[in-house]
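Residue numbers begin at 1 in each chain, while the letters A, B, ... track the order of the sequences.
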Amino acid sequence: GQQVMQIPQYQHVQEGEDFTTYCNSSTTLSNIQWYKQRPGGHPVFLIQLVKSGEVKKQKRLTFQFGEAKKNSSLHITATQTTDVGTYFCAGGSNDYKLSFGAGTTVTVRA
Amino acid sequence: DGGITQSPKYLFRKEGQNVTLSCEQNLNHDAMYWYRQDPGQGLRLIYYSQIVNDFQKGDIAEGYSVSREKKESFPLTVTSAQKNPTAFYLCASKQRSSYNEQFFGPGTRLTVL
């Protein structure tokens, strides 16, 4: 079945620095979604990418979908304490299911 | 307020007992999902339902059962056959199209003693 790998598992960032988390699928995806889960909370949808090579921005967050639609990345610039949490990518297929990566847990040093 | 509710937030059970986790949504979504979350493993799909009276097994369905008698409700039963039931369980729903986002409930943390 479809597998989605996400790295790194943990990211410790100095406040103000940038970082990137990467997501790779074993199969071609129809779409990819990103979610954020704050400590003690539940996943909340951030964004969806559908087109090959698509790039979307949300303030300091930049999301990319690879040309082959098998990989994606999330880049955060000027990290803030509000960015703390776990970021999940989720690959979509045509069967209404999402395959979630293991997540990147981000901690921020002030 | 529209949303997904899960109850209870924390649940304790003795080993060998079945337990049912509640999930209710008032978003008028057709599709509903149950995930299990363990540290470092992300979200793993247990069961999903695209329409009332129909559901499919996910990646880790063994030891679990579900029903979908109403559009709003998708309860999950953790049976005594589930070998490692202690986990955080998340329910989600979405519109039926595969391109729609999933909305998650607050989750139930189940501890089996």
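The main-chain N or O of B/Phe74 is found under 3.5 Å from a side-chain atom of B/Trp34 such that the two form a donor-acceptor pair. Put simply, the side chain of A/Lys69 never gets that close to the backbone of A/Thr27: no donor and acceptor are under 3.5 Å apart.
With a 4.5 Å cut-off on non-hydrogen atoms, A/Tyr35 touches chain B through its side chain but not through its backbone. Heavy atoms closer than 4.5 Å to chain A are found in the side chain of B/Phe88, but not in its backbone. Using a 4.5 Å cut-off between heavy atoms, B/Gln37 touches chain A through its side chain atoms alone. Interface remark: B/Glu101 contributes backbone and side-chain atoms alike to the contact with chain A (heavy atom separation under 4.5 Å). With a 4.5 angstrom heavy-atom cutoff, A/Gln6 does not touch chain B via any of its atoms. For A/Val44, no part lies under 4.5 angstrom from a heavy atom of chain B. Both the backbone and the side chain of B/Leu43 come within less than 4.5 Å of a heavy atom in chain A.
Ring pair A/His75/A/Phe19: centre-to-centre distance not below 6.0 Å. When ring centroids are compared, B/Tyr35 and A/Phe100 come within the 6.0 Å threshold.
Put simply, of B/Tyr48, B/Phe103, B/Phe104, the one with the most heavy-atom pairs under 4.5 Å next to chain A is B/Phe104.
Electrostatic pairing of B/Lys71 and B/Asp30 counts as a salt bridge here, judged by a charged N lying under 4.0 Å from a carboxylate O. No salt bridge links A/Arg60 with A/Asp18; every basic N to acidic carboxylate O contact stays at or beyond 4.0 Å.
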